[in-house]
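I have placed the structure first, in the form of structure tokens, so that the comments after it can refer back to it.
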Amino acid sequence: MGWLFDPAHWSGETGIPVRLAEHVGFTFGTLLIAAAIAVPLGAFVGHTGRGGFLVVGLSNALRALPTTAVLILVVLWAGLGDFPVYVALVLLAIPPIMAGTYAGIRAVDPVTVDAARGVGMRETGVLLRVEVPNALPLIYGGFRGAALQVVATATIAAYTGAGGLGRFVFDGLALQEFGQMLAGAVLVALLAVLVDLAFAGLQRLTVSPGLRPVGTGGKK
């Protein structure tokens, strides 16, 4: 672990802070793009009850795609850089987010939904003010699963020269510097834990106590 605590590795354009910032950028950029695609689709299908087979089929198909193979194919088509990394990671992040959103909306008590319609609420209001708030625990579950996968897999960005913590792993392997490889792996693991804790904290702040799972401060 001496490599990790060497001050020389905490400065410069290839230092740990820069690589960490690149990795965090890939992670949250990927989650934002995936959320913009997966949340509306999962919410629409969950609300209407139409096209559930599409969500299941698309999720299974995307999960079956080998991320490294997708990255290589996009590199061959579009060249090196950030774009192939985002394509591969977004395809990885969409299934858990979409499945969590769809399952959360479908799991809302029909009596609650019917009551909202009974007081004159429009379908958009039912979705945004009743179903989505009640579905938040499962939606967050989808985001947390996606975030962990993306943090771990974003190391492939090193293949395209795009940076990130994966550079320590792959450069260490190429140079036979196992201390550098270990430091890269430890930093990725720590980042995954911190991202998961961040989502857990956000979930605790935004989800009603009555909707939290037992053992996390919820009432159920």
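The analysis underlying the following values was restricted to heavy atoms, covering all of them including side chains, and did not include hydrogens, waters or symmetry mates.
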Using distance only, find each side-chain donor-acceptor pair of residues 74-93 under 3.5 Å and give its atom names and separation, not counting sequence neighbours.
none

(request) Name all pairs fulfilling the side-chain hydrogen bond (donor to acceptor under 3.5 Å, both in side chains) condition that reach into residues 32-48, sequence neighbours left out, sorted by first residue then second. (result) His47-Glu123, His47-Glu131
(message) Give me the atom names and distance for the closest heavy-atom approach of Gly12 to Val18.
(response) O-CG2, 3.4 Å
(message) Under 4.5 Å side-chain heavy-atom separation, chaining through any Ile, Leu, Val, Met, Phe, Trp or Tyr, what else clusters with Val111? Say none if it is isolated.
(response) none
(request) Could you list who else is in Leu173's hydrophobic cluster, with ILVMFWY side chains joined at under 4.5 Å, directly or through other members? (result) Phe178, Met181
(message) Which Ile, Leu, Val, Met, Phe, Trp or Tyr residues join Leu73 in one cluster when any pair of side-chain heavy atoms under 4.5 Å counts as a link?
(response) none
(message) Please evaluate residues Leu136 and Gln203 with respect to the criterion side-chain contact (heavy atoms from CB on, under 4.5 Å), reporting the C-alpha separation (whole Å), side-chain torsions for both, the decisive distance (0.1 Å), and the verdict.
(response) CA-CA 8 Å; Leu136 279 178; Gln203 179 176 349; over 6 Å; no
(request) Just grab all the salt bridge (charged side-chain N to carboxylate O under 4.0 Å, His left out) pairs involving residues 145-168, residues at least two apart or on different chains. (result) Arg167-Asp171
(message) Going by the rule salt bridge (Lys or Arg N to Asp or Glu O under 4.0 Å), which residues pair with Arg122 if we only count those two or more places apart in sequence or in a different chain?
(response) none
(message) Go through it in stages, so that I can follow the logic: the residues are Phe143 and Ile97, the test is side-chain contact (heavy atoms from CB on, under 4.5 Å), and I'd like the CA-CA distance, side-chain angles, deciding distance and then a yes or no.
(response) CA-CA 5 Å; Phe143 270 95; Ile97 296 175; 3.9 Å; yes
(request) Output every pair passing salt bridge (charged side-chain N to carboxylate O under 4.0 Å, His left out) with a member in residues 20-46, not counting sequence neighbours, ordered by first then second residue. (result) Arg19-Glu22
(request) Please check if atom CD in Glu13 has more than 12 non-hydrogen atoms from other residues, nucleotides or ligands closer than 6.0 Å. (result) no
(request) Write out all pairs satisfying salt bridge (charged side-chain N to carboxylate O under 4.0 Å, His left out) with one or both partners inside residues 179-202, taking only residues at least two apart or from two chains. (result) Arg144-Asp196
(request) Starting from Leu138, walk the hydrophobic network (Ile, Leu, Val, Met, Phe, Trp, Tyr; side-chain heavy atoms closer than 4.5 Å) and list everyone else you reach, by chain and number. (result) none
(message) Show the nearest heavy-atom pair for residues Val188 and His23, with the distance to one decimal.
(response) CG2-CE1, 4.3 Å
(request) Quick one: list whatever passes side-chain contact (heavy atoms from CB on, under 4.5 Å) with Leu202, sequence neighbours left out. (result) Tyr140, Thr206
(request) Would you mind listing every side-chain hydrogen bond (donor to acceptor under 3.5 Å, both in side chains) that reaches into residues 88-110, with sequence neighbours excluded? (result) none
(request) Start with the C-alpha gap between Val195 and Leu148, add the side-chain angles, then the distance that decides, and say whether side-chain contact (heavy atoms from CB on, under 4.5 Å) holds. (result) CA-CA 8 Å; Val195 169; Leu148 291 177; 5.8 Å; no
(request) State, to 0.1 Å, how close Gly184 and Phe168 come at their nearest heavy-atom pair, and which atoms those are. (result) CA-CB, 3.8 Å
(request) Search all heavy atoms of Ala146 against all heavy atoms of Pro96 and return the closest pair with its distance. (result) CB-CG, 3.6 Å
(message) Between Val207 and Val130, is there shared hydrophobic-cluster membership here, with clusters defined by ILVMFWY side-chain heavy atoms closer than 4.5 Å?
(response) no
